[in-house]
J.: 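Supplied in structure tokens, the structure appears directly below.
The sequence lines fix the lettering, A, B, ..., with proteins before strands; numbering per chain opens at 1.
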Amino acid sequence: MSLEALLPSAIDGLMLGFVYGLAALGLTLIFGVMKVINLSHGPIIALGMFAVFILFSSFGVNPYLGVVAAALVGLLLGIAIYFVAVDRVIDATELTTLLATFSVNLMIIGVATVIFTTSPRSIDIDLGALRAGNVTILGTHGVAVAVAVLVAAALYGFLFRTRTGKSIRAVANNRAAAELMGIDSRRMLALAFGIGTALAMTSGALLATLFSFTILSGGTYELKSFVIVVLGGLGNPTGALVGGLVIGFLEGVLTVFLPVAWVPVVEYVIFVAVLLLRPAGLLGARA
Amino acid sequence: MRDLRAPFLPALLVFIAAVAAIPIVSNNPSLREELFLVLMLVTLASSINIIMGYTGYVSFGHIVFFGIGGYIAFWLMQTFNVHFLLAAIASAIPAALIAALIGIPILRLRGAYFALATVGINEAMKSFMTNFEPFGGAIGMFFSFSIYLQYGGAREAAFLAYYTMAAIALATVATSYVIRRSKFGLSLMAIREDQDVAMLVGIDPARAKVMAYVISAFFPALAGATFFFKNGIIEPGPAFDLLRSIESLVMVVLGGIGTVAGPIVGAALYEWLRGFLITNPTFANFQLAIAGLLLLLTVLFVTAGLVGSLRNRFPRLRAYIQ
Amino acid sequence: MILDVEGVTVRFGGLVACDAATLSVDQGQILGLIGPNGAGKTTLLNAINGVYRPLAGRVEFRGEDITGLRPFQVARRGIARAHQVVRPLSDLSVIANVTVGACFGRENLGLGAARRVAQEVIASLGLADKSETPAGKLNVAQKKRLELARALAARPMLLLADEVLAGLNPQEVAEMLTVFRTLREQGVAVIMIEHLMHAVMNVCDRVVVLDYGKKIAEGTPQQVSSDPKVIEAYLGDPKVAAKFLEEEGA
């Protein structure tokens, strides 16, 4: 393995890290607002992939228009999931909410495998590439990064600048107090779940423009999102973005030194170590 | 009231043993295979119930001990030709030891953090085994047929595995019952309800939790050793299958978390339901979706599970069903 | 003295919650610990039974230095705690809650023996008919009694009672005070944090007053209640305070 490969691998990994971060952002937003670990995260990412795929292959819709559609569908789907599966058990123990969201996972996978089967799909788009020395940046990767950055920025704008966003943050901080201020916390929780789901679907949609996938591909990205979210601190949006970059970078760089199959070992060891040593995440206050 | 208390444990054990004896008496291999799986799931669910139901720690990646037990036993049998029963025990002890080592740090985490850590450990172990060449790496290990000769052939080996699994299930259920009725069990339940209060009345939570975790790791390791012995092949995916892990949690919740009988009822019901859905032409395609729907309905409306709801509905049953 | 607390200091960041607090209590003695809100009373109890490790100072129980021991180690030496905010083990029955108290404390009883002790204690506190009820389903007054029952079931030599009378009606307060007097007769030492002045006057042998983490007075209830420093600490204005105390006593 040559060090020459280091720079392109690092850049590749970092770019992918933006998309990972977006998925993790959805997971961490939901946890931060309502202390629910959303185990339907993976299938939702896969739905994002298939939303773009169906629109593209059956209706000829431009994949990037498909990404927007996936985000909207995600928002509505998330709100629906919240009211069906989460609302009733929002104050129950973590086991209950874990299983409630896991049941959604089973239902989505169950129905989607019947409809889409588990055969691999891919979306063929060529946006050319940018070359400098031995670094090659594919156009699709560049656009994915740009979309991810835009979406993350929009989320921050929403959470910190708008009234509704501030209400969501108030609910996350202290639900009882927020209700005393006249905020309908149930609506905010549903909206937060919807946004979290929309983010997951968006990242899935972007991943579909980069790699081939099956309906089960979401599982891998779900586990990756766990690692990222823990790295950045559960419930910390900035942490999720930074964590995404860290994991993307590691994946890129580690392959230069290690066989690819060892990369997950390193990732999960880091994951457990962070949980044990800095449960608040790398960016969080020292435990 | 105490004198009237039904001999719950003996009755339960006799019932399990009687059911386990059916395929042997009727010499029905396909039923034997089915019950082997049910007994294994009873073992997994009852073990998880000790750390999750009694102690309140959601061990999401608990299947890791099943995999560790399976791998160590398999390696001993394949490489050193160790007898299966010896290998099983020899694999459960290191698994329990690993549980103690892992447990000391991760049981300090609470709630979702603990659950995530157990997932991380399972995934770390799975990806490690995928790369660990002495244990066959991604391909795993498999027996040559001659391994079964020392047990009198493949058929006899399958019976030996079946008896062993039945014995493990019985031992797990008995252990679960004894813990539930013991002072140790009371300390676990106190920790589950409020760890700080437990500490203030004189319980050392760290110690009790690690003990519960070790016990709940021991039996799955034995089950893993037995399962893969019968299987003749072990690979990282099936050994550290997160889905199976979650399914065992589902069984516990379905039957009644924190009760002795709950995981047994849950495991039997879940397996029966799966069998029914898969073989039914109308439902076969949607078996996962239906399983998900039933899980959701249970979680939303039957929070205490079947056994728990019965106990709540008819308080008089509390003396008879644990 | 069964308990000697000497110069115990507890600090949270920049806040000194307990500033070189010194007190002691003897067998069969009820010590009242009073002071305005935020005076560090609960913190001091937490330092005694190991929830917080004191920055400085020494806690000695029956001649043994127990400073910095973990709460369960302290409990096993015979110190029990009843909380201000009740903390029942909600899913467990009342009898199980109290059995927990009897099981793991000083006497380290077996389950059967602990259950018998628990039954006695429950009966003595009037919870016998609730024995099998899940603790979470009790009302507030019953939960308060359960909290005390769990502590008493450990048959402690020292009971740390943190505002166990708050929120009870006069009838219930009177019943609780009887329980404390019985404990005194049995030779149990009690430190009680209490805001109900007439209860303190009524039952305490001695009173220690904390303000801003510092001990500002100590003596019999009568001595302390007429101490202008105490009155000032409580209400800022001695005249208002005196009037208040008169009304309270009436």
Side-chain angles (χ1 to χ4, degrees), chain A residues 31 35-37 39-40 43 84-89 92-115 219 222-224 226-227 229-230 234-235 258-277 279-280 287, chain B residues 52-53 56-61 102 104-106 108-132 137-138 192 242-243 246-247 249-250 252-254 257 277 284-301 303:
Chain A
F31 184 86
K35 299 286 168 287
V36 170
I37 296 178
L39 286 184
S40 61
V84 170
V86 182
D87 186 51
R88 210 184 139 86
V89 290
T93 59
E94 59 270 4
L95 174 65
T96 308
T97 51
L98 279 168
L99 291 183
T101 54
F102 179 66
S103 73
V104 175
N105 176 321
L106 288 179
M107 286 187 269
I108 296 177
I109 292 290
V111 174
T113 38
V114 175
I115 300 173
E222 176 171 325
L223 282 171
K224 229 183 267 299
F226 282 165
V227 177
V229 160
V230 163
L234 274 167
L258 281 174
V260 179
W262 277 100
V263 174
V265 183
V266 177
E267 279 180 4
Y268 290 116
V269 168
I270 293 176
F271 170 75
V272 176
V274 170
L275 267 177
L276 291 178
L277 303 176
Chain B
M52 183 174 83
Y57 278 74
V58 183
S59 186
F60 228 74
I102 299 173
I104 291 168
I106 68 168
R108 285 193 314 228
L109 301 171
R110 293 192 187 188
Y113 292 84
F114 175 80
L116 280 179
T118 62
V119 172
I121 284 165
N122 184 60
E123 294 306 308
M125 197 52 106
K126 176 158 73 183
S127 44
F128 173 76
M129 283 301 181
T130 310
N131 292 287
F132 191 56
R192 176 188 73 199
L242 195 59
L243 187 66
I246 302 176
E247 279 180 335
L249 302 191
V250 171
V252 174
V253 172
L254 205 62
I257 187 167
L277 291 175
N285 278 333
F286 290 98
Q287 56 117 344
L288 261 190
I290 294 170
L293 184 65
L294 289 174
L295 172 62
L296 182 62
L297 293 175
T298 309
V299 169
L300 295 185
F301 302 107
T303 345

J.: What part of B:Met125 lies closer than 4.5 angstrom to a heavy atom of chain A: side chain, backbone, both or neither?
T.: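 No part of it gets close to chain A.
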J.: What distance separates B:Thr118 OG1 from A:Leu275 CG, expressed to the nearest 0.5 Å?
T.: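 Reported value, rounded in 0.5 Å steps: 9.5 Å.
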J.: Less than 4.5 Å to any heavy atom of chain B: does that hold for the side chain of A:Val114, its backbone, both, or neither?
T.: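 Side chain only.
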J.: Let me know if B:Leu243 has heavy atoms under 4.5 Å from chain A in its side chain, its backbone, both or neither.
T.: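 The side chain, not the backbone.
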J.: Any chance you could measure B:Leu249, atom CG, to A:Leu98, atom CG, to the nearest 0.5 Å?
T.: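 Here the interatomic distance stands at 8.5 Å.
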J.: Please report the interatomic distance CD(B:Gln287) to CG(A:Leu106), rounded to the nearest 0.5 Å.
T.: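 B:Gln287 CD to A:Leu106 CG: 9.5 Å, rounded to 0.5 Å.
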J.: Hey, what do you get for CZ (B:Phe128) to CH2 (A:Trp262), rounding to the nearest 0.5 Å?
T.: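 Spacing of CZ (B:Phe128) from CH2 (A:Trp262) equals 5.0 Å.
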J.: Mind checking the CZ-CD spacing from B:Phe114 to A:Glu94? Nearest 0.5 Å is all I need.
T.: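 Between atom CZ of B:Phe114 and atom CD of A:Glu94 there are 10.5 Å.
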J.: Please flag which part of B:Ile257 lies under 4.5 Å from any non-hydrogen atom of chain A: side chain, backbone, both or neither.
T.: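 Only the side chain of B:Ile257 comes within 4.5 Å of chain A.
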J.: Do you know which two heavy atoms are closest between B:Gly292 and A:Ser103, and how far apart they sit?
T.: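 Reported closest heavy-atom pair: O-CB, 3.2 Å.
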J.: Counting C-beta onward and ignoring hydrogens, is there a side-chain heavy-atom pair between B:Phe60 and A:Leu39 closer than 4.5 Å?
T.: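 Yes; the side chains approach each other to less than 4.5 Å.
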J.: Applying side-chain contact (heavy atoms from CB on, under 4.5 Å) between A:Leu99 and each of B:Leu254, B:Val252, B:Val250, report the one that passes.
T.: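 Result for side-chain contact (heavy atoms from CB on, under 4.5 Å) with A:Leu99: B:Val250.
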J.: A side-chain contact here means heavy atoms from C-beta on lying under 4.5 Å apart; do B:Leu109 and A:Pro279 qualify?
T.: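 In short, these two side chains touch, coming nearer than 4.5 Å.
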J.: Which heavy atom of A:Ala100 sits nearest to which heavy atom of B:Leu296, and what is that distance?
T.: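 Smallest interatomic distance, heavy atoms only, reads O-CD1, 4.0 Å.
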J.: Taking all atoms of both residues into account, what is the closest heavy-atom pair of B:Leu300 and A:Val84, and its distance?
T.: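 Minimum heavy-atom contact is CD1-O, 3.4 Å.
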J.: Please tell me if the side chains of A:Phe271 and B:Glu123 come closer than 4.5 Å, counting only heavy atoms from C-beta onward.
T.: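 Of all side-chain heavy-atom pairs linking B:Glu123 with A:Phe271, none is under 4.5 Å.
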J.: Considering only heavy atoms and a distance below 4.5 Å, find which of B:Asn285, B:Leu116, B:Thr298 pairs most often with chain A.
T.: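 Among B:Asn285, B:Leu116, B:Thr298, the one with the most close pairs to chain A is B:Leu116.
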J.: Quick check on the interface: out of B:Val299, B:Asn131, B:Leu295, who has the most heavy-atom pairs with chain A under 4.5 Å?
T.: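 Highest number of pairs under 4.5 Å: B:Asn131.
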J.: About how many Å separate CG of B:Leu242 and CG of A:Leu223, when rounded to the nearest 0.5 Å?
T.: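 Reported value, rounded in 0.5 Å steps: 6.5 Å.
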J.: Between B:Leu293, B:Leu297, B:Thr303, which shows the greatest number of heavy-atom pairs under 4.5 Å with chain A?
T.: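 Winner by heavy-atom pair count: B:Leu293.
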J.: Report which part of A:Ile108 has an atom under 4.5 Å of a heavy atom belonging to chain B: side chain, backbone, both, or neither.
T.: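 Looking at A:Ile108, nothing touches chain B.
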J.: Measure distances from A:Val227 to the heavy atoms of chain B and classify the residue's part below 4.5 Å as side chain, backbone, both or neither.
T.: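 Nothing of A:Val227, per the 4.5 Å heavy-atom cut-off to chain B.
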J.: Side chain, backbone, both or neither: which part of B:Ala115 has a non-hydrogen atom closer than 4.5 Å to chain A?
T.: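 Contact with chain A: side chain only.
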J.: Side chain, backbone, both or neither: which part of A:Ile37 has a heavy atom under 4.5 Å from chain B?
T.: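 Contact with chain B involves the side chain of A:Ile37 alone.
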J.: Can you name the nearest heavy-atom pair linking A:Tyr268 to B:Gly120, along with the distance?
T.: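 Scanning both residues completely, I find the closest heavy atoms to be CB-O, 3.8 Å.
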